[in-house]
J.: 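To start, I am sharing the structure in question, which I have written as structure tokens.
Just the heavy atoms: all of them, side chains too, but no hydrogens, waters or symmetry mates, feed the values below.
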Amino acid sequence: MNSARCGYRVFSANSSEACMELAKKITERLGAELGKAVVYQESNGETRVEIKESVRGHNIFIIQTIPRDVNTAIMELLIMAYALKTSCANSIIGVIPYFPYSKQSKMRKRGSIVCKLLASMMSDAGLTHIITMDLHQKEIQGFFNFPVDNLRASPFLLQYIQDEIQNYKNAVIVAKSPDAAKRAQSYAERLRLGLAVIHGEPQCAELDMVDGRHSPPTVKNTVHKGLEIPCKHQSPFPGIELPMMMPKEKPPISLVGDVHGKIAIIVDDIIDEVESFVAAADILKERGAFKVYAMATHGILSSDAPRLLELSAIDEVVVTNTIPHELQKQQCSKIRTVDISLILSEAIRRIHNGESMSYLFRNIALDD
């Protein structure tokens, strides 16, 4: 496909070799060349982007994978989008396989919904469309005032199970927490396999911190010589007596489902801090699982996750290449990579040609 004739360009917003790997695979499938641009960090830490060719009137696709330095990657994307906007590009589509800050999409205590802030920044920078994959919460699409195509990696992961896991018919799909049960059920139904759910493991929940949320405090009036004198800091509005809330208590860890003598496949959308996966593998092996696989779309694998996985009871970790993880693969021999450049390149082709995207969502379950 001649990109110059078709009026589109594909750029990589990161010049590091690890981050450009996915961009090169996508352009090879499209039969195009990467756009000419220079992205680098100055000595003072500022990001500089220079577009080295004309983009006037073209549809521009910016591929940005998110390495460990998340904030730098975001600035690279925003600055490149703004540079293309001021260079009179017709449209600017961000191809962001893993959308950063997707875990911060809900208000927690006195925090902020960072994902909504990021959506606003992308719109202001000039992005007009986003292609991403397996958002942590599908409701994130509502943060944007332009189209968002949330592609799914499940067809590729299901194909991996069928092709690479011997005797997969003897497997059971496992949700490591009740929150992941819907995704696990979707995998189990399409593979015609059994389902197991682990309940009672530590989960990321809000801590019951004493941070002033119990205001207004209970204040007693001081009585002096028959006069009722309010305390100095007493609120003019009386406190409201609310029913006593029962505190949450984690039940003992338990496994619902039979994994004895079977291959256990734990599925989720993100593998980052791996303690919960390691704990799940331990309980599965204790209950007689023959082998344990951990499978997810995004392999962030932060901190010492590779070392923990290497020492764990997990036999194999399967992730896609939405995030570069070559360094982690050198530290952990159990990591396997599934290439999803095919669906990203097809999405780019269809958007540029004005074709329907529904073909890419065929046989996709709502809970994937």
J.: Taking ring-ring contact (aromatic ring centres under 6.0 Å, His included) as the cut-off, I'd like each qualifying pair that reaches into residues 107-143, sequence neighbours left out, listed once.
T.: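 Output for this query is empty, none listed.
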J.: Where do Q328 and I300 come nearest, in terms of heavy atoms and distance?
T.: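 Scanning both residues, the minimum pair turns out to be NE2-O, 3.4 Å.
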J.: Under a 4.0 Å threshold between the charged nitrogen and the carboxylate oxygen, would E316 count as salt-bridged to K291?
T.: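 Judged by the 4.0 Å cut-off on N to carboxylate O distance, K291 and E316 do not form a salt bridge.
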J.: Quick one: does any side-chain atom of S303 pair with a main-chain N or O of A305 as donor and acceptor, under 3.5 Å?
T.: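 It does not hold such a pair.
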J.: Do Q330 and E326 have side-chain atoms, one donor and one acceptor, less than 3.5 Å apart?
T.: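 No donor-acceptor contact under 3.5 Å links the two side chains.
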J.: When you check the gap from the basic side-chain N to the acidic O, do E46 and R48 get nearer than 4.0 Å?
T.: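 Here E46 does not pair with R48 in a salt bridge, since their nearest N and O are not under 4.0 Å apart.
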J.: Hey, quick one: are I79 and Y40 part of the same hydrophobic cluster, counting side-chain heavy atoms closer than 4.5 Å, chains of contacts allowed?
T.: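 Unlinked, I79 and Y40 end up in two clusters.
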J.: So, for P100 and L118, which heavy atoms are closest and what is the spacing to 0.1 Å?
T.: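 Nearest heavy atoms, P100 then L118: O-CD2, 3.6 Å.
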J.: Applying side-chain contact (heavy atoms from CB on, under 4.5 Å), run through V197 and L255 and close with a yes or a no.
T.: CA-CA 6 Å; V197 180; L255 175 66; over 6 Å; no
J.: Got a salt bridge between E346 and R349, using NZ or NE/NH1/NH2 to carboxylate O under 4.0 Å?
T.: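 Salt bridge between E346 and R349, a charged N being under 4.0 Å from a carboxylate O: yes.
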J.: Can you find a heavy atom in the side chain of F99 that is under 4.5 Å from one in the side chain of M122?
T.: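 A side-chain contact exists here, since the closest heavy-atom pair is under 4.5 Å.
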J.: If you apply the rule side-chain contact (heavy atoms from CB on, under 4.5 Å), what do you find for V39 with N14, and how did you get there?
T.: CA-CA 6 Å; V39 182; N14 193 306; 5.9 Å; no
J.: Could you state the interatomic distance from CG (D149) to CD1 (I131), rounded to the nearest 0.5 Å?
T.: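 The CD1 atom of I131 is 6.0 Å from CG of D149, to the nearest 0.5 Å.
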J.: Grouping I, L, V, M, F, W and Y whenever their side-chain heavy atoms are under 4.5 Å apart, do L117 and I74 come out in a common cluster?
T.: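 Hydrophobic grouping puts L117 with I74.
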J.: Do N145 and S123 pass the side chain to side chain donor-acceptor pair (under 3.5 Å) test, and can you show the C-alpha distance, the side-chain angles, and the key distance before you say yes or no?
T.: CA-CA 7 Å; N145 57 9; S123 177; 3.1 Å; yes
J.: Are E273 and S302 close enough that a side-chain donor and a side-chain acceptor fall under 3.5 Å?
T.: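 No donor-acceptor contact under 3.5 Å links the two side chains.
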J.: Please determine whether a side-chain nitrogen of the Lys or Arg among R9 and E53 lies less than 4.0 Å from a carboxylate oxygen of the Asp or Glu.
T.: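 Counted as a salt bridge, because a side-chain N and a carboxylate O are separated by less than 4.0 Å.
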J.: What residues form a side-chain hydrogen bond (donor to acceptor under 3.5 Å, both in side chains) with K85, not counting sequence neighbours?
T.: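 Expected list: none.
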J.: Is the shortest heavy-atom distance from the side chain of K103 to the side chain of D272 under 4.5 Å?
T.: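 Sidechains of D272 and K103: in contact.
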J.: About how many Å separate CD1 of I63 and CG of L34, when rounded to the nearest 0.5 Å?
T.: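 Here the rounded value is 6.5 Å.
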J.: Examine the side chains of T320 and H298 and answer whether a donor and an acceptor come within less than 3.5 Å of each other.
T.: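 There is no such pair between these side chains.
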J.: Between the side chains of H58 and N90, does any donor sit under 3.5 Å from an acceptor?
T.: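 Per modelled atom types, H58 and N90 side chains form no pair under 3.5 Å.
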J.: Check this for me: K182, atom NZ, are more than 12 non-hydrogen atoms of other residues, nucleotides or ligands nearer than 6.0 Å?
T.: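 For K182, atom NZ is not crowded (no more than 12 foreign heavy atoms under 6.0 Å).
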J.: Does C88 reach the side chain of V55, with side-chain heavy atoms less than 4.5 Å apart?
T.: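 No, their side chains stay 4.5 Å or more apart.
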J.: Might you point out which heavy atoms bring A347 and M357 nearest each other, and give the distance in Å?
T.: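 Answer, listing the atom of A347 first, then M357: CB-CE, 3.7 Å.
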J.: Do the side chains of V174 and V256 join up, straight or via other hydrophobic residues, at under 4.5 Å, putting them in one cluster?
T.: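 No.
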J.: Considering all heavy atoms of both residues, which atom of I51 and which atom of A37 are nearest to each other, and what is their separation?
T.: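 For I51 and A37, the tightest heavy-atom pair comes out as CD1-CB, 4.1 Å.
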J.: Please say whether more than 12 non-hydrogen atoms of neighbouring residues, nucleotides or ligands are located less than 6.0 Å from CD in E42.
T.: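 Atom CD in E42 is packed in, count exceeds 12.
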J.: Find the distance between NZ (K334) and CG (L309) and round it off to the nearest 0.5 Å.
T.: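 Here the rounded value is 7.5 Å.
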J.: Side chains of I62 and L77: closer than 4.5 Å at any heavy-atom pair?
T.: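 The answer is yes, as the side chains (C-beta and beyond) meet within the 4.5 Å cut-off.
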J.: Does K262 make a cation-pi contact with F290 (under 6.0 Å, within 45 degrees of the axis)?
T.: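 Judged by the rule (NZ or CZ under 6.0 Å from the ring centre, within 45° of its axis), K262 is not positioned above F290.
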J.: How long is the span from the NZ atom in K52 to the NZ atom in K36, to the nearest 0.5 Å?
T.: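 Those atoms lie 11.0 Å apart.
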J.: When you check the side-chain N and O atoms of N150 and T132, is any donor under 3.5 Å from an acceptor?
T.: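 Short answer, no.
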J.: Check the pair I265 / Y187 against side-chain contact (heavy atoms from CB on, under 4.5 Å), numbers first and verdict last.
T.: CA-CA 10 Å; I265 305 174; Y187 277 59; over 6 Å; no
J.: Heavy atoms only: give me the nearest V172-L195 pair and the separation to one decimal.
T.: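 Heavy atoms of V172 and L195 come nearest at CG2-N, 3.7 Å.
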J.: Checking ring pair (Phe, Tyr, Trp, His ring centres under 6.0 Å) for the pair Y160/Y293: CA distance, chi angles, key distance, verdict?
T.: CA-CA 12 Å; Y160 183 92; Y293 289 77; 7.7 Å; no
J.: Strictly distance-based, threshold 3.5 Å: is any side-chain N or O of S333 a donor or acceptor partner for the main-chain N or O of K329?
T.: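 Not a single qualifying donor-acceptor pair exists.
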J.: Under 3.5 Å, is there a donor-acceptor pair between the Q41 and T47 side chains?
T.: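 On atom types as modelled, these side chains qualify, holding a pair under 3.5 Å.
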J.: H325 and I335: side-chain contact (heavy atoms from CB on, under 4.5 Å), yes or no, with the steps?
T.: CA-CA 9 Å; H325 51 262; I335 300 174; 4.1 Å; yes
J.: Looking at side-chain heavy atoms only, is the closest gap between L344 and P97 below 4.5 Å?
T.: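 The answer is yes; the side chains approach within 4.5 Å.
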J.: Is there a donor in the side chain of Y98 and an acceptor in the side chain of D269, or the other way round, less than 3.5 Å apart?
T.: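 Short answer, no.
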J.: Determine whether the side chains of S186 and R190 contain a donor N or O and an acceptor N or O closer than 3.5 Å.
T.: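 The criterion, which ignores hydrogens and geometry beyond distance, is satisfied for R190 and S186.
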J.: Between P324 and E21, is any pair of side-chain heavy atoms under 4.5 Å apart?
T.: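 With C-beta onward as the side chain, the pair stays apart.
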J.: For the OH atom of Y82 and the CD1 atom of I92, what is their distance to the nearest 0.5 Å?
T.: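 The CD1 atom of I92 is 11.0 Å from OH of Y82, to the nearest 0.5 Å.
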J.: Considering non-hydrogen atoms only, spot the tightest contact between E189 and R192 and give its length.
T.: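 Looking at all heavy atoms of both residues, the shortest contact is O-NH1, 2.9 Å.
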J.: Test of understanding: clusters of I, L, V, M, F, W, Y form through side-chain heavy atoms closer than 4.5 Å, transitively. Do M20 and L327 belong to the same one?
T.: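 The answer is no; the residues belong to distinct hydrophobic clusters.
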J.: Do any N or O atoms from the side chain of S312 and from the backbone of I314 form a donor-acceptor pair under 3.5 angstrom?
T.: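 A pair under 3.5 Å: yes.
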J.: Where do E28 and K24 land on the salt bridge (Lys or Arg N to Asp or Glu O under 4.0 Å) test, with the steps shown first?
T.: CA-CA 6 Å; E28 286 175 4; K24 290 178 179 178; over 6 Å; no
J.: Quick check against the 3.5 Å criterion: does Q141 have a side-chain atom that pairs as donor or acceptor with the backbone of K138?
T.: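 Yes, Q141 side chain to K138 backbone: donor-acceptor pair under 3.5 Å.
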J.: Measuring only between side-chain heavy atoms, which start at C-beta, is I161 closer than 4.5 Å to M295?
T.: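 Touching, per the 4.5 Å side-chain cut-off.
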J.: Check whether any side-chain N or O of R350 sits under 3.5 Å from a backbone N or O of S356 as a donor-acceptor pair, and report yes or no.
T.: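 Present.
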J.: May I ask you to test the C332-E310 pair for a side-chain heavy-atom distance under 4.5 Å?
T.: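 Touching, per the 4.5 Å side-chain cut-off.
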J.: What is the ring orientation for F61 with Y8, classed by angle as parallel under 30°, tilted 30 to 60°, or perpendicular over 60°?
T.: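 Ring orientation, 0 to 90° scale: perpendicular.
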J.: Any chain of hydrophobic side-chain contacts (each under 4.5 Å) joining M107 to L135?
T.: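 Yes, it is one cluster - the side chains of M107 and L135 are joined through contacts under 4.5 Å.
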J.: Is the shortest side-chain N to carboxylate O distance from D339 to R29 below 4.0 Å?
T.: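 Answer for the salt bridge query: yes.
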J.: Between the side chain of R108 and the main-chain N/O of S105, is any donor-acceptor distance below 3.5 Å?
T.: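 The answer is no, because no donor-acceptor pair under 3.5 Å joins these two groups.
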J.: Distance from T322 atom OG1 to I96 atom CD1, nearest 0.5 Å?
T.: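 That separation rounds to 12.5 Å.
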